[in-house]
Structures are given as structure tokens and as C-alpha cells.
Amino acid sequence: ALEASMRENVTMLCSLRNWDAIQKMQSLLGGDFDAELHRKPRPLVRGAAPDPAKLEEVPEDSPFAQGGCLFIEGTAGIGKIELAEHMVEYAAANLCMLPVFGTVGPRVSDPERLGVELLRSTIGVF
């Protein structure tokens, strides 16, 4: 039930063509948003080749073309989780890659920990 609810939220929110966040994300991913991507779970196929047409749509300066970091930040309730969910689904289905995500919440009692966790997460990827 939770998975179906999340898929519905992603589809509804990311289908808003005039939402700045999805426009920016799709400009990095290439192509257009397709709600069908989120309608049903898709199995990941080990060793599958990416769709060449989708790869051609990815801009050269995108982190999805050459690698790199992408930060999604903002206040609670603006769709960051749905945007990240779409990004992972799109990258897995069309580009045969699985982006790595991390999250860092506020640390009121230990303000330096935010930077330490970010550095540890970034270095941990390599």
C-alpha cells in the first residue's frame, strides 16, 4: 500500500508540466516526463544495456552523462522525495544506472556533524 501511494504521489506531482523542479530535473535527465514509468514496478535486469536514444537526450553537462553530484534541497513538503524517486526510476529504466542518494537532517545539538556526514557520504561513494 505504501509503495502504491508513493508511486501515485510521484506520478501526480511530476506530471505537473509547469513545476520548475521537474522541468530542471528533466533537463538534466533528457527527454520528457512519462507517467507510465511509475505505474508499475519494473525489475532491474543485470547487465542490461541503456536505451541509446535516451542516452543521446542526456545533455553533456549533466551529472547523468559524466557523473557528479546533484543536491536537492528545500523546505519540507515541496516534493524532494518524489523528485528523487522519479530520478532513480528514470535513471534505472532508461540509462541503466542507479544513482546514490543520501540525506542529512538538521543536527541542533551537533552543528558540525552535518558537514562530517556530507563528507563521509561523498567519500564513501568512491
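Below, each value reflects all heavy atoms present in this structure, side chains not excepted, and no hydrogens, waters or symmetry copies.
If you take SG on C14 and CD on Q23, they are separated by 12.0 Å, rounding to the nearest 0.5 Å. Summarising the geometry, atom CD1 belonging to I78 is positioned 7.5 Å from atom CH2 belonging to W19; distances are rounded to the nearest 0.5 Å.
Scored by the side-chain hydrogen bond (donor to acceptor under 3.5 Å, both in side chains) test, Q26 finds H86 as partners (sequence neighbours excluded). The side chain to side chain contact (heavy atoms under 4.5 Å, CB included) check on S15 picks up T11, F33, A35, with sequence neighbours excluded.
Linking ILVMFWY side-chain heavy atoms closer than 4.5 Å, directly or via other members, places V10 and I22 in two distinct hydrophobic clusters.
Between F64 and P59, every side-chain heavy-atom pair lies at or beyond the 4.5 Å cut-off. Considering only heavy atoms from C-beta on, M87 stays 4.5 Å or farther from L28 through its side chain.
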Passes side-chain contact (heavy atoms from CB on, under 4.5 Å), K24 versus D20? Steps please. CA-CA 6 Å; K24 177 65 177 172; D20 291 340; over 6 Å; no

